[in-house]
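Some notes on the structure that comes next.
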Amino acid sequence: MLADALEHLVRGVVDHPDDVVVRDKQLRRGSILEVRVHPDDLGKVIGRGGRTATAFRTVIAAIAGNSTTRVDFVDTDRR
């Protein structure tokens, strides 16, 4: 559910929405939502001074409630 919500939000911001992939990795300390975007869209997803990325993290933390969830943004060149 969190991955779907984050993917929907990120697709609305980027120029290449078909390249957006969100993976949910479960770890002992919580989950990591790994967001992969087109290299040209990485700046849009992070935003000036990291404001957009912080906003995404805030929304996901509000949806997640008590569970620990981390959000990482990666371009598609790094696999």
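Remember, predicted model here, so these are calculated numbers, not experimental data.
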* **All salt bridge (Lys or Arg N to Asp or Glu O under 4.0 Å) counterparts of D72, not counting sequence neighbours** => R70
* Ignoring hydrogens and geometry, is there a side-chain-to-backbone donor-acceptor pair from R23 to E34 under 3.5 Å? -> no
* To do: Report yes if some heavy atom in the side chain of V10 is under 4.5 Å from a heavy atom in the side chain of V37; otherwise report no.
  => yes
* To do: Kindly write out the residues that satisfy side chain to side chain contact (heavy atoms under 4.5 Å, CB included) with A61, not counting sequence neighbours, or none if the list is empty.
  => none
* Answer whether the closest heavy-atom distance between the side chains of V13 and F56 falls below 4.5 Å. => yes
* **Atom of P17, atom of D15 and distance for their closest heavy-atom approach** => CD-O, 3.2 Å
* Nearest 0.5 Å please: distance from the NE2 atom of H38 over to the NZ atom of K44. => 12.0 Å
* If you measure from OG1 on T68 to CZ on R28, what distance do you get to the nearest 0.5 Å? -> 14.0 Å
* Asked: Would you say D41 and D19 make side-chain contact, with heavy atoms under 4.5 Å?
  -> no
* Output all residues satisfying side chain to side chain donor-acceptor pair (under 3.5 Å) with D18, sequence neighbours left out; order by chain, then residue number. => none
* Structure fact -> side chain to side chain donor-acceptor pair (under 3.5 Å) filter on D40, not counting sequence neighbours, yields none
* To do: Answer whether the closest heavy-atom distance between the side chains of L2 and L6 falls below 4.5 Å.
  => no
* Please go through L27's hydrophobic cluster and name the other residues, only I, L, V, M, F, W, Y counting, with side-chain heavy atoms under 4.5 Å joining them. => I32
* **ILVMFWY cluster, V71 and I63 together (side-chain gap under 4.5 Å)** => yes
* Quick one: side chain to side chain contact (heavy atoms under 4.5 Å, CB included) partners of S31, sequence neighbours excluded? -> D24, Q26, T69
* Can you tell me if NE2 on H16 sees more than 12 non-hydrogen neighbours from other groups inside 6.0 Å? -> yes
